[in-house]
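Below, chains carry the letters A, B, ... as their sequence lines are ordered, and counting in each starts from 1. Side chains are part of it too, since the values below use all heavy atoms of this structure and drop only hydrogens, waters and symmetry mates.
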Number of protein chains: 2
Amino acid sequence: MPNRRPTAQDVAKHAGASRSAVSMVMNGNADGNVSPDMQERIRRAAAELEYTPHPIASGLRRQRSRMIGIVTDEAASSPFAGRMLAGASQAAAGHGYLTVIADAGGPAADTTHFIDELRRRRVDGLILATQSLRTIVVPDGLRLQPSVLANCRDAAGTMGAIIPDEVRGGREATEHLISLGHRRIVWIGGGVDVDARPARIRGFQAALAAAGLPPGEVVEAGWDIDDGFRAAEALFAPENGPRPDAVFCASDRVATGALLAARTAGLDVPGDISIMGYDDQRHLADATVPGLTTMALPHEGMGRVAAERIIAALDSNAEIGAETTLLECPLVVRGSTGPAARA
Amino acid sequence: MPNRRPTAQDVAKHAGASRSAVSMVMNGNADGNVSPDMQERIRRAAAELEYTPHPIASGLRRQRSRMIGIVTDEAASSPFAGRMLAGASQAAAGHGYLTVIADAGGPAADTTHFIDELRRRRVDGLILATQSLRTIVVPDGLRLQPSVLANCRDAAGTMGAIIPDEVRGGREATEHLISLGHRRIVWIGGGVDVDARPARIRGFQAALAAAGLPPGEVVEAGWDIDDGFRAAEALFAPENGPRPDAVFCASDRVATGALLAARTAGLDVPGDISIMGYDDQRHLADATVPGLTTMALPHEGMGRVAAERIIAALDSNAEIGAETTLLECPLVVRGSTGPAARA
DNA sequence: CTGAAAGCGCTAACAA
DNA sequence: TTGTTAGCGCTTTCAG
């Protein structure tokens, strides 16, 4: 099983060159230093022996591990974690970096230990990713090396972050509804404890105002299916006045509840009413009847951009910057929105 | 920012000892070799300087990276991936191992490249994890070092695997329903292309038989909400004969559809009918009205046990074995199941 | 019981 | 243009 791998020494012997020549060829630094035909012989020898440089040895020498660490708060409880990790790992792999993960299994404040552990392991850069959008006090360890925040922002405002553009998401979702001919659009749900809510509502109202429509009604409710169900049920009751053309839900779960309420009230979606979700929660938004039109949270993109931003800084030896990058939430059109009935 | 870290040399000087003494103390090999008071002085010096051994250097020397790699097929599209990765990373961290990930972003067959890349990076062990339960042809690279499969099994049967015990899950779910007094229980859903379905149905029928009940009816349908809705709608239509006491759904999505159909048909859940899900899909099973009673897929456990099994082999220098470990799917009781009405 | 010496495999500065 | 040398920080053997 062990199958000893060849070393640069072996390749050098095989090609009749020196170890350092091999090293230079493998690292692309050979051009002014090793004759072209020697380079070719080395390359051939390397290929023949299936030589590939030992990353641990080169890491030791260069004082670079080519690993980037991701520490997450309770990835286990989020259906979105996989997307972020996949995005980061794919981006990193594309630049020859390895992605190492540490899940704190608890709130972001408990990540300190894991950050230290990853630093001890000599990761070149660090991503701190939270499962829901929030503002956090950044653990000290993060500041000691290139790091960015994903899906959260620094209370001190001095650390770079990648977060969804929720205002724009709220706006574009609303524009989609308006373009379909809807005029009376009601917002449902989203507990007040989460940062995303006010931003989305701001976008919602901005789009309405831009279209010359009056401010939209905002119905308080939580984030879950039954919150959406109850709120929509009340909204659809005839005694509560005219029905809205469309509802814009704080989450796909709320939207699923609204869908259910519409069905219970005998309303056709989207014939009688359009329902818009938010999150693009896999195995939910794509699994309702009809499928939910929704704004996708860019988890994969956050992972990718976070990794790319760190790697760019690492590879150019530059500072990473404190800017906050806002990522677009793409509109995913499924069946739950359609043209206004009276349009 | 770089803040040079102390080396074993620094500690040795500080404590008036030799580098090797420091090494032995840090690795617990000091007892017959370094005098107790010298050990104490070294330990104190290490603490004072906040010395921690350089894992890359020791890895190079020991030819061990203390990293275990996880390669996943399309983690990005699964809401369960995070649990598995969190389980593995927590278990690994507990033993001083680092978890590195590589997401193939495609089917399991495309993981070869990522396996090779992780091997090149000198991971000590490898986990190949699939997002849905299946039998796969194991890529060659996996056999060249300690590896286990998570959520999939080896077509050749020679590689260790950790998978959910779906037969037992099907049985225990059914037993839960039977214990509630239900007698006529119908299975709904689960396309035929997925391995999990026949196993769950086998458990379902076994529990029925063990209770002296006739074989349960099995309704064909897919895995999604609308599949569950349609199947349940037909099942609940009065013209299709007496209603079942309970339905056992192939997935939480199907169960969500069934819940919706029950509501549409004016049935109370669980008063008139109990609905059982499968998967414990986060942000769905816990977000319906009422919450779904379901069998949890042990993703976190699979990650944890896979990591532990590899690490145990690594740390004892033993073979890893070809056994398949079956993990229990825990019953999660929420509101969608209750006592039979006529009981 | 202790410390010096020899690398692990690689890279980069330097000398030829 | 080439090859030699001196480490990166650690572990482990072996002579004191």
Side-chain angles (χ1 to χ4, degrees), chain A residues 2-43 45-46 49-67 96 119-124 317, chain B residues 2-43 45-46 49-67 96 119-122 124:
Chain A
N3 93 322
R4 193 182 88 72
R5 285 163 176 270
T7 74
Q9 184 67 272
D10 298 327
V11 177
K13 198 178 306 168
H14 203 80
S18 70
R19 251 154 72 239
S20 39
V22 174
S23 172
M24 287 172 159
V25 170
M26 297 309 290
N27 292 294
N29 297 355
D31 262 358
N33 301 308
V34 180
S35 64
D37 63 320
M38 183 81 265
Q39 290 191 35
E40 189 42 37
R41 273 165 61 204
I42 290 176
R43 248 183 284 275
L49 301 178
E50 294 185 347
Y51 167 73
T52 131
H54 193 310
I56 301 202
S58 95
L60 176 60
R61 180 62 231 239
R62 288 202 233 246
Q63 304 288 63
R64 286 274 179 112
S65 61
R66 288 193 88 83
M67 300 193 299
R119 278 176 39 75
R120 200 183 70 70
R121 284 295 212 132
R122 303 301 196 280
V123 296
D124 292 338
N317 239 311
Chain B
N3 92 322
R4 194 181 89 71
R5 287 165 176 268
T7 73
Q9 185 67 272
D10 299 327
V11 177
K13 198 178 306 169
H14 202 81
S18 70
R19 253 155 69 239
S20 39
V22 174
S23 171
M24 287 172 160
V25 170
M26 298 307 291
N27 292 293
N29 297 352
D31 263 359
N33 301 309
V34 180
S35 67
D37 62 322
M38 184 79 261
Q39 289 192 36
E40 188 44 37
R41 273 166 57 206
I42 289 176
R43 248 184 285 275
L49 299 179
E50 295 184 344
Y51 168 73
T52 131
H54 193 309
I56 301 203
S58 93
L60 177 60
R61 180 61 231 237
R62 287 202 235 246
Q63 303 288 65
R64 285 273 179 115
S65 60
R66 289 193 88 82
M67 300 193 299
R119 278 175 40 76
R120 199 183 70 71
R121 285 292 214 136
R122 303 302 197 277
D124 291 338

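Residues A:I42 and A:V11 come closest through the heavy atom pair O-CG1, 4.0 Å. Of all heavy-atom pairs between A:R121 and B:S65, the closest is NH1-O, 3.2 Å.
Sequence order on DNA chain C of the closest nucleotides to B:N33 and A:M26 puts B:N33 first from the 5' end.
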task: Test A:Y51 against A:M26 for side chain to side chain contact (heavy atoms under 4.5 Å, CB included), laying out the working first.
output: CA-CA 10 Å; A:Y51 167 73; A:M26 297 309 290; 3.8 Å; yes
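Residues passing the salt bridge (Lys or Arg N to Asp or Glu O under 4.0 Å) test with B:R62: none are found, sequence neighbours excluded. Among residues two or more places apart in sequence or in another chain, the salt bridge (Lys or Arg N to Asp or Glu O under 4.0 Å) test is passed with B:R120 by B:E117. B:S20 pairs by the side chain to side chain contact (heavy atoms under 4.5 Å, CB included) definition with B:S18, not counting sequence neighbours. Evaluation of the side chain to side chain donor-acceptor pair (under 3.5 Å) rule for A:R43 yields A:Q39 as partners, not counting sequence neighbours.
Side-chain contact between B:R66 and B:P55 is absent, with no heavy-atom pair separated by less than 4.5 Å.
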For nucleotides 3-5 of chain C, tabulate all protein N/O to nucleotide N/O atom pairs closer than 3.5 Å, reporting atom names and distance.
{"residue": "C:dG3", "atom": "N7", "partner": "B:S20", "partner atom": "OG", "Å": "3.4"}
{"residue": "C:dA4", "atom": "N6", "partner": "B:S20", "partner atom": "OG", "Å": "3.1"}

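Regarding contacts with the backbone of C:dT11, a side-chain N or O of A:S23 is found under 4.0 angstrom from either OP1 or OP2. At least one side-chain nitrogen or oxygen of A:N27 sits closer than 4.0 Å to the OP1 or OP2 atom of C:dT11. For the OP1/OP2 pair of C:dC1 and a distance below 4.0 Å, the side-chain nitrogens and oxygens of B:Q39 include no atom meeting the criterion. Considering only side-chain N and O atoms, B:Q9 lies nowhere under 4.0 angstrom from the phosphate OP1 or OP2 of D:dC8.
For the pair B:D10 CG and D:dC10 C1', the computed distance is 13 Å after rounding to whole Å.
With rounding to the nearest 0.5 Å, the separation of CG in B:N33 from CE in B:M24 is 4.0 Å.
The residue B:V34 sits close only to the backbone: its heavy atoms come under 4.0 Å of sugar-phosphate atoms, none of a base.
With C:dA12, C:dT2, C:dG9 as the choices, the nucleotide that has an atom nearest any side-chain atom of B:L60 turns out to be C:dG9. Picking from D:dG9, C:dC10, C:dT11 the nucleotide with the shortest atom distance to the side chain of B:R61 gives D:dG9.
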message: Give the dot-bracket line for DNA chain C from 5' end to 3' end: parentheses for intra-strand Watson-Crick or G-U pairs under 3.5 Å, square brackets for crossings, | for inter-strand pairing, dots for unpaired.
response: ||||||||||||||.|
